[in-house]
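Encoded as structure tokens, the structure appears first; notes follow it.
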Amino acid sequence: MKVPFLEYRSVLAYNRDVFLIEHSDLLKTFIAIDNNFDELIRLPQTRRDRDNNSHVSLVPLILLLRRQAHCAFDVLSADQSYQAWLLLRPGVEAVLIIGKWVDDSENAKIWQDRAKDPGAYQKTYTGKALQSASLIGSERIQAVLRTINDRFVHANLDYYHRHLDVGPG
């Protein structure tokens, strides 16, 4: 009996096995990068900034980035880069949110109350306002978020045509 979903699942398993054989160096690199998260998590748990403030509230955002990176790498190993970008997007956004919270702890309250006061949230977390003085390269990180949104998340004109246009392989 031919079952398309089971065939799809077998292709994913095959792709993961091939990836491990052909790209073990990438797996080792990812593991080395992933090990850095332990230190990234430890710092806000144990240290204070120059104003003696704790940044322990950043830990869940760092853990979110780590989880999303794990999931994204897993689907990349199955040759599904499209899904990887969707999975990585919340992690990229978490990094930008971290920058906003370090800039001003009031930004965390605005984020938390986004359903109660969507205007304040939009003013603080959209467009150039999402960029952070505390996060070096936040403009470039935001550009990555915008690219993921445009190419993989939102049903815009490019997204629409991508599934209709036929070109050279």
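The chain is numbered in sequence order, starting from 1.
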Q | Over 12 foreign heavy atoms within 6.0 Å of CZ, Arg42 | A | yes
Q: Give a yes or no answer on whether the side chain of Tyr82 reaches the backbone of Phe152 with a donor-acceptor pair at less than 3.5 Å.
A: yes
(Q) Strictly distance-based, threshold 3.5 Å: is any side-chain N or O of Arg89 a donor or acceptor partner for the main-chain N or O of Asn149? (A) no
Q) Distance-only, no hydrogens or angles: does the Asp113 side chain make a donor-acceptor pair with backbone N or O of Lys116 under 3.5 Å? A) no
Q. Should we count CG of Leu6 as having more than 12 external heavy atoms under 6.0 Å?
A. yes
**Q.** Atom CD of Glu139: over 12 foreign heavy atoms under 6.0 Å
**A.** no
Q) Any sub-3.5 Å donor-acceptor pair from Gln142's side-chain atoms to Thr126's backbone N or O? A) no
Q. Going only through I, L, V, M, F, W and Y residues with side-chain contacts under 4.5 Å, is there a path from Ile141 to Ile33?
A. no
Q. Once you round to the nearest 0.5 Å, how far does CD1 of Ile31 lie from CZ of Phe73?
A. 7.5 Å
Q: May I ask you to decide if Trp101's main-chain N or O and Asn107's side chain share a donor-acceptor pair within less than 3.5 Å?
A: no
Q | Common cluster, Phe19/Leu76, ILVMFWY with side-chain heavy-atom separation under 4.5 Å | A | no
Q) Quick one: does Lys123's side chain have a donor or acceptor within less than 3.5 Å of a partner on Ala129's backbone? A) no
Q: Kindly say whether His70 contributes a backbone atom to a donor-acceptor pair with the side chain of Asp74 at under 3.5 angstrom?
A: no
(Q) Donor-acceptor pair, distance only, cut-off 3.5 Å: does the side chain of Asp104 make one with the backbone of Glu106? (A) yes
Q | Sidechain-backbone polar pair: Arg114 side chain, Trp111 backbone, donor-acceptor under 3.5 Å | A | yes
